[in-house]
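A short write-up of the structure that comes next.
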Protein chains: 2
Amino acid sequence: MSPGARILVVDDEPQIRRSLQVNLENKDYAVVTAASGEEALESIARRKPDVVIVDLVLPSMDGIELTRRIRDQSPVPIIVLSANGDELKKVEALESGADDYVTKPFSMEELSARIKSALRRTVMLSGSEPIFRRAGLSVNFERREARLQEELIKLTPTEYDLLKYMIQYSGKVLTHRILLTAIWGEAYANQAQYLRVFIGQLRKKLERNTARPQYILTDPGVGYRFETSPQEENS
Amino acid sequence: MSPGARILVVDDEPQIRRSLQVNLENKDYAVVTAASGEEALESIARRKPDVVIVDLVLPSMDGIELTRRIRDQSPVPIIVLSANGDELKKVEALESGADDYVTKPFSMEELSARIKSALRRTVMLSGSEPIFRRAGLSVNFERREARLQEELIKLTPTEYDLLKYMIQYSGKVLTHRILLTAIWGEAYANQAQYLRVFIGQLRKKLERNTARPQYILTDPGVGYRFETSPQEENS
DNA sequence: GAATATTTATGAAATCTTTATGACCCGAGG
DNA sequence: CCTCGGGTCATAAAGATTTCATAAATATTC
């Protein structure tokens with residue numbers, strides 16, 4: 001699927017760099033590493049990686065600052081590695097321009113899935129028609145309608161806008177602020193309750209089991225994400 | 001096949017404009033060209049093309065922005081020409097309201113097929129008889145008359161124009177703005193009440209049960225659309 | 001002056017916003 | 001280890017607002 005995509009790993013701990021390098025090379029990625037933000041910026045300019053993985057904790061220039069600096073010069077997908085529990089930092093990272101994050105400790109499968117998702121970020125469209133399809137769900141942008149197994153689903157304007165926006169950035173974590181700003185406007189950036197209500201309505205209409213959503217996932221403390229590939233749940 | 005359908009080609013490179021013009025005219029289309037988004041918008045308002053072909057890369061206003069602007073005022077099918085590999089842009093274009101895209105480099109056959117497909121989706125008055133038929137309804141565009149089960153229905157000029165327009169783009173949601181602009185003109189784009197009155201009159205004349213319309217459906221908060229596939233009615 | 005178009009008025013329907021409630025998670029303090 | 005309290009989240013439902021359908025009055029056109 002992604003033979004030889006270039007990945008840059010930025011971490012100050014040599015052990016972690018090594019470990020990631022070995023594991024990712026096993027998955028056929030071309031890996032380069034950097035031990036600091038400065039190195040990373042230079043490496044990005046020279047090597048043009050397809051994905052950058054950044055540890056949140058770095059000496060001198062932390063992950064958030066680095067993310068910001070990268071974003072000033074490149075739209076390359078950035079995945080942040082964050083310590084468990086630091087929701088605030090996650091949000092900060094996402095709003096500085098990171099595309100996704102993985103919470104430590106994480107499995108290689110998890111990281112790998114996020115890398116794939118970042119590489120594939122383009123929404124899959126069927127043929128040339130403006131229709132989005134995934135699992136049982138299809139959304140026709142021309143007709144402004146959504147179907148679940150061929151069955152038409154009635155969506156209000158706001159519900160449709162929200163769904164469309166989430167599909168557009170599917171796979172990516174979208175913070176409350178980002179969603180609220182996009183759909184309702186800057187002034188509503190703090191009305192997280194709106195979001196809960198409308199996410200709830202969308203789930204009620206789209207999800208088989210609203211308690212275990214397939215499409216619209218919650219990232220507690222951060223926001224929501226439209227899942228790209230329906231995963232089987234472990235539980 | 002499509003005698004004299006009007007096509008607008010929007011591209012800033014004179015060579016490509018020329019090439020497309022010549023090739024499409026050979027296929028019996030009436031071709032007009034525009035070198036910029038601004039020109040294109042004006043040409044659409046004045047010439048009412050049946051299909052618009054837009055290069056994604058344009059100076060000042062790019063293809064996506066142009067697509068969005070066209071969509072604000074017209075449901076005309078838009079085919080986007082995109083450079084190879086720019087998946088993200090394609091998605092963006094389709095979500096902005098484009099109907100189809102063709103990746104450069106492309107053959108004339110390919111483009112031609114897409115044009116035909118786009119024309120087919122709008123109800124063209126091609127074929128031997130300019131008559132639209134669906135379920136019990138038939139509209140003769142040459143004689144400007146509509147019949148319900150062979151019985152002639154009296155339509156005022158505005159009612160007829162509105163019906164014809166909706167049939168032409170049947171299946172698509174037509175926003176209030178688009179309908180008002182098309183039938184009454186730019187200046188009336190906010191008079192949604194006109195629409196309600198005339199839609200109501202059309203329904204009274206066409207629909208068996210105005211409370212459960214078969215043909216003219218309401219998309220609350222968005223607009224109206226002419227239903228393509230007749231639904232079985234229950235009860 | 002007859003047909004048509006525009007405007008006004010009103011109740012109904014759909015949607016959006018707000019409030020209320022309980023579940024759940026997690027850390028602090030007993 | 002347990003319980004408490006604060007926070008986020010999901011959901012239902014009440015209230016407010018907007019949009020819609022319809023009838024009818026008025027204006028315009030030919």
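In the text below, chain A, chain B and the rest are named by the order of the sequence lines, each starting its count at 1.
Looking at which nucleotide of DNA chain C each of P157(B) and E159(A) is closest to, the 5′-most match is held by P157(B). Nearest-nucleotide assignment on DNA chain D puts the 5′-proximal partner with V197(A), out of I199(B) and V197(A). Heavy-atom distances to DNA chain C give each of Y188(B) and Q193(B) a nearest nucleotide, and the one nearer the 5′ end belongs to Y188(B).
Using the six-membered ring where Trp is involved, Y194(A) and Y188(A) have ring planes that are tilted, between 30° and 60° apart. Note: F198(B) and W184(B) have perpendicular aromatic rings, judged against thresholds of 30 and 60 degrees for the angle between ring planes.
Between T210(B) and the phosphate of dA21(D), there is no side-chain N or O to OP1/OP2 separation shorter than 4.0 Å. Contact annotation: R196(B) does not reach the phosphate of dA21(D) (side-chain N/O to OP1 or OP2, under 4.0 Å). Within the 4.0 Å cut-off from OP1 or OP2 of dA21(D), not a single side-chain nitrogen or oxygen of K204(B) is found. Proximity of H176(A) to the phosphate of dT8(D): no side-chain N or O atom is located under 4.0 Å from OP1 or OP2.
Rounding to whole angstrom units, CZ of residue F198(B) and P of dA21(D) are separated by 15 Å. Taking atom CZ on R177(A) and atom P on dT8(D), their separation rounds to 14 Å, with Å as the unit. To the nearest angstrom, P of dT22(D) lies 11 Å from CD1 of I216(B). Distance CG (D219(B)) to P (dA21(D)): 11 Å, rounded to an integer number of Å. Rounded to an integer number of Å, the gap from Y194(B) OH to dT26(D) C1' is 13 Å. Atom NZ in K205(A) sits roughly 15 Å away from atom C1' in dT11(D) (whole-Å rounding). Distance CG (N190(A)) to P (dG7(D)): 15 Å, rounded to an integer number of Å.
Taking a cutoff of 4.0 Å between a charged side-chain nitrogen and a carboxylate oxygen, R225(A) and D219(A) qualify as a salt bridge. With respect to D99(B) and K172(B), a salt bridge is recorded, a charged nitrogen being found less than 4.0 Å from a carboxylate O. A salt bridge links R147(B) with E145(B); the closest basic N to acidic carboxylate O contact falls under 4.0 Å. At a threshold of 4.0 Å, the pair D11(A)-R18(A) does not count as salt-bridged, since none of the basic side-chain nitrogens sits closer than that to a carboxylate oxygen.
Two residues are said to be in side-chain contact when any heavy atoms from C-beta on lie closer than 4.5 Å; V80(A) and K90(A) fail this criterion.
Close approach of DNA chain C to chain A, defined as any atom under 4.0 Å from a non-hydrogen atom of the protein, starts and stops at dT15(C) to dA20(C).
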